[in-house]
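These notes are about the structure you will find just below.
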Protein chains: 2
Amino acid sequence: MDRLLSNLKITVPEKIYIKDPESSSLGKRIVEHSILLINNIGFEAFNFKKLGTAIESNESSIYRYFESKHKLLLYLSSWYWSWIEYQLVLETHNLTGNEKLNKAIEIVSRPTQQDSNFMHINEVILNKIIINENSKSYLTKEVDQENKEGYFVIYKRIVYRLRDMITALNPNYQYASSLASTIIESSLHQHYLKDHFKSITDCDENVSPTAFVKNLVFNTINNQIA
Amino acid sequence: MDRLLSNLKITVPEKIYIKDPESSSLGKRIVEHSILLINNIGFEAFNFKKLGTAIESNESSIYRYFESKHKLLLYLSSWYWSWIEYQLVLETHNLTGNEKLNKAIEIVSRPTQQDSNFMHINEVILNKIIINENSKSYLTKEVDQENKEGYFVIYKRIVYRLRDMITALNPNYQYASSLASTIIESSLHQHYLKDHFKSITDCDENVSPTAFVKNLVFNTINNQIA
DNA sequence: CAAATATAATAGTAATACTTTTATTTTTGA
DNA sequence: TCAAAAATAAAAGTATTACTATTATATTTG
């Protein structure tokens, strides 16, 4: 498994970047430090000038990799979901039924652990960025065009995988896609609430978003009221 | 009821604005046209210069009402949730149990109808803005400070109301707050998906987000697996 | 080692998100 | 009703953003 992982190249839709940041050490530093900087100052205050300073390189060099900070966010989002998808496939392929969906929910909702297979990417911090900034990647006027161009395929594929697990467990449940998309969004949202709006969530140090989502999903699909 | 509604002034936390836009016709025009303009061009492209042109007034005059476009978004969000809360109180006060929660879910998740009691506000378009832009109002670095200043009280109060209805129905259910916040967020999210990501939702012209959320909530709280 | 490629430095641009100043118009209350 | 106060409008200015373009200098590669 470690062998497999180290051979894996997480794939991101090609049109997201101008030059593949994995192809050079500057590219890797751009990605590495963009994660740290966005986490520190937030996506709104983040720009390529500040990132240039952080990596002791020039703004204009970053533009040869990404055409805008929006595209960089799309890259980070796709990378993250691709990494999650890999874990999903790996950790659930030998499971079936309830156990499979149970594990899948864990993977998409658990607090992220550092993965030493990708030296330049801090997955723990990237997960925080996804919690805070992911929805900004699609809540834009350009969403339909960018969706057509395939920028969200990996994210959607994870939802399809969850949907199929739900349907396998209960073929009569009518809202498998909506429930699958809700698993992902509400996991991220509950993590956000526990950090910033404690009074409107039950999640805290003792109660995990995973526990809430599992309870939600299994009660829903196992006990359909006609 | 009409009488009540027309006497009602929707309340927004005072610190959100510099000068109350309800207090002048310019203020009302600012709010009215900000809704139309944000809907047309999106929040990122929206600015006070363009809004000034739209209302045939000056940028600097708008700054006497709102210190930034972010604050204006907070205002629109608070106004919307205050309006929803009013409907919630009015339309559920004589109901109990399942019926009460059922109606409450309808109110927060149904497609918005125009409310003729607020001449200068197009609630149908405002609802679209909430679907597209609401999360940008809190997914910021300033969220904790702004939360302390009370900018999100109305939104949180709606979640409390839903939580209390859930707890009344099933006092043993452990995740009433998380479920309540999920009702709101997933309603908005499913509306967004049906407009932009049809493949990852079951909602469309025939299946409403309301139907999905009702099924989700009642199956969850009525059939708790121990 | 020469050519190609990548990176860095510098400068420039149009737009953004404001602030400030001054002028004009409208409201108000004595 | 008129003078003062308040509101609005116009204009100009500023620092920053989100880039593009140009040129120079390193680095890689065939």
Side-chain angles (χ1 to χ4, degrees), chain A residues 14-34 37-38 40-76 120 133 136-137 139-142 145-146, chain B residues 14-34 37-38 40-76 120 133 136-137 139-142 145-146:
Chain A
E14 282 196 15
K15 287 173 78 183
I16 286 182
Y17 48 75
I18 296 168
K19 177 178 173 171
D20 186 356
E22 290 291 324
S23 71
S24 76
S25 79
L26 179 66
K28 284 175 190 162
R29 264 161 58 228
I30 289 170
V31 171
E32 177 182 3
H33 289 272
S34 72
L37 191 53
I38 291 172
N40 279 336
I41 64 177
F43 188 67
E44 280 70 34
F46 168 85
N47 64 42
F48 284 179
K49 180 141 218 176
K50 291 174 187 169
L51 180 57
T53 304
I55 61 174
E56 289 178 308
S57 173
N58 199 274
E59 199 188 356
S60 57
S61 303
I62 301 165
Y63 278 105
R64 311 189 103 249
Y65 287 85
F66 294 103
E67 91 183 48
S68 65
K69 71 173 186 172
H70 172 68
K71 285 286 178 73
L72 175 52
L73 180 61
L74 288 173
Y75 179 89
L76 295 178
H120 64 296
E133 323 287 1
K136 297 171 194 168
S137 74
L139 293 175
T140 68
K141 274 281 157 183
E142 296 75 33
Q145 182 57 36
E146 294 186 346
Chain B
E14 282 197 16
K15 287 174 80 183
I16 286 182
Y17 47 75
I18 296 168
K19 178 178 173 173
D20 186 355
E22 291 291 324
S23 69
S24 75
S25 80
L26 179 66
K28 285 177 190 162
R29 265 160 59 228
I30 289 171
V31 172
E32 177 182 2
H33 288 274
S34 70
L37 191 53
I38 291 172
N40 279 337
I41 65 177
F43 188 66
E44 280 70 35
F46 169 84
N47 64 43
F48 283 180
K49 180 142 218 177
K50 290 173 187 170
L51 180 57
T53 305
I55 61 175
E56 289 179 307
S57 174
N58 199 274
E59 200 187 356
S60 57
S61 304
I62 301 165
Y63 278 104
R64 310 189 102 249
Y65 287 84
F66 295 103
E67 90 183 48
S68 64
K69 71 174 187 171
H70 172 69
K71 286 286 179 73
L72 175 52
L73 180 61
L74 288 172
Y75 178 89
L76 295 178
H120 63 296
E133 323 286 0
K136 297 172 194 169
S137 73
L139 293 175
T140 68
K141 275 281 156 183
E142 297 76 31
Q145 181 57 35
E146 294 187 345

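So that the names make sense, note that chain A is the first sequence line, chain B the second, and so on, each numbered from 1.
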Q. With sequence neighbours left out, what residues match B:S60 under side-chain hydrogen bond (donor to acceptor under 3.5 Å, both in side chains)?
A. B:N58
Q.
What is the distance, to the nearest angstrom, from the CD1 atom on B:I55 to the C1' atom on D:dA7?
A. 13 Å
Q) Please give, in whole Å, the distance from D:dA6 C1' to B:I18 CD1? A) 16 Å
Q: Looking only at side-chain atoms of A:S24, point me to the closest of C:dA17, D:dA9, C:dT7.
A: C:dT7
Q | Separation of atom CZ in A:R64 from atom C1' in D:dC19, rounded to whole Å | A | 15 Å
Q) Which nucleotide in the list C:dT7, D:dT8, C:dA17 gets nearest to the side chain of B:K19? A) D:dT8
Q. Atom CG of A:L26 to atom P of C:dT5: distance rounded to whole Å?
A. 18 Å
Q.
Just N and O in the side chain of A:K50: are any of them under 4.0 Å from OP1 or OP2 of D:dT17?
A. yes
Q | Side chain B:E67 and base C:dC18 donor-acceptor under 3.5 Å | A | no
Q: Nearest whole angstrom, please: distance from the P of C:dT19 to the CG of B:N47.
A: 14 Å
Q | B:K69 side chain near C:dT16 phosphate (N/O to OP1/OP2, under 4.0 Å) | A | no
**Q.** Residue A:Y63, side-chain heavy atoms: nucleotide from C:dC18, D:dT20, C:dT7 that is nearest
**A.** D:dT20
**Q.** Heavy atoms from other residues, nucleotides or ligands near NZ of A:K49 exceed 12 (cutoff 6.0 Å)
**A.** no
Q: Tell me what A:F48 touches on the nucleic acid: a base, only sugar-phosphate, or nothing, going by heavy atoms under 4.0 Å.
A: nothing
Q: Would you please name every residue forming a side-chain hydrogen bond (donor to acceptor under 3.5 Å, both in side chains) with B:E14, sequence neighbours left out?
A: none
Q. Does a side-chain N-to-carboxylate-O contact under 4.0 Å join A:K136 and A:E44?
A. yes
Q.
Return a single string for nucleotides 21-28 of chain D, one symbol per nucleotide in 5' to 3' order, where B is base contact, S is sugar-phosphate-only contact and - is none, cutoff 4.0 angstrom on heavy atoms.
A. B-------
Q: Would you indicate, yes or no, if D:dT8 has its OP1 or OP2 atom less than 4.0 angstrom from a side-chain nitrogen or oxygen of B:Y65?
A: yes
Q. Closer than 4.0 Å, any side-chain N/O of B:K49 to the OP1 or OP2 of C:dA17?
A. no
Q.
Checking A:K28 now: which residues fulfil side-chain hydrogen bond (donor to acceptor under 3.5 Å, both in side chains) with it, not counting sequence neighbours?
A. none
Q. Rounding to a whole Å, what distance do you find between B:K28:NZ and D:dT8:P?
A. 12 Å
**Q.** Between P of D:dT16 and CG of A:L51, the distance in whole Å
**A.** 19 Å
Q.
So, using salt bridge (Lys or Arg N to Asp or Glu O under 4.0 Å) as the criterion, who are the partners of A:E146 when residues are at least two apart?
A. none
Q: Nearest-nucleotide wise, let me know which of B:E59 and B:R29 is further upstream toward the 5' end of DNA chain D.
A: B:R29
(Q) If I take atom CG in residue A:L73 and atom P in nucleotide D:dA18, what distance separates them, rounded to the nearest angstrom? (A) 13 Å
Q | Plane angle bin for B:F46 and B:F48 - parallel if under 30°, tilted between 30 and 60°, otherwise perpendicular | A | perpendicular
Q.
Run the salt bridge (Lys or Arg N to Asp or Glu O under 4.0 Å) test against B:K69 and tell me which residues pass, sequence neighbours left out.
A. none
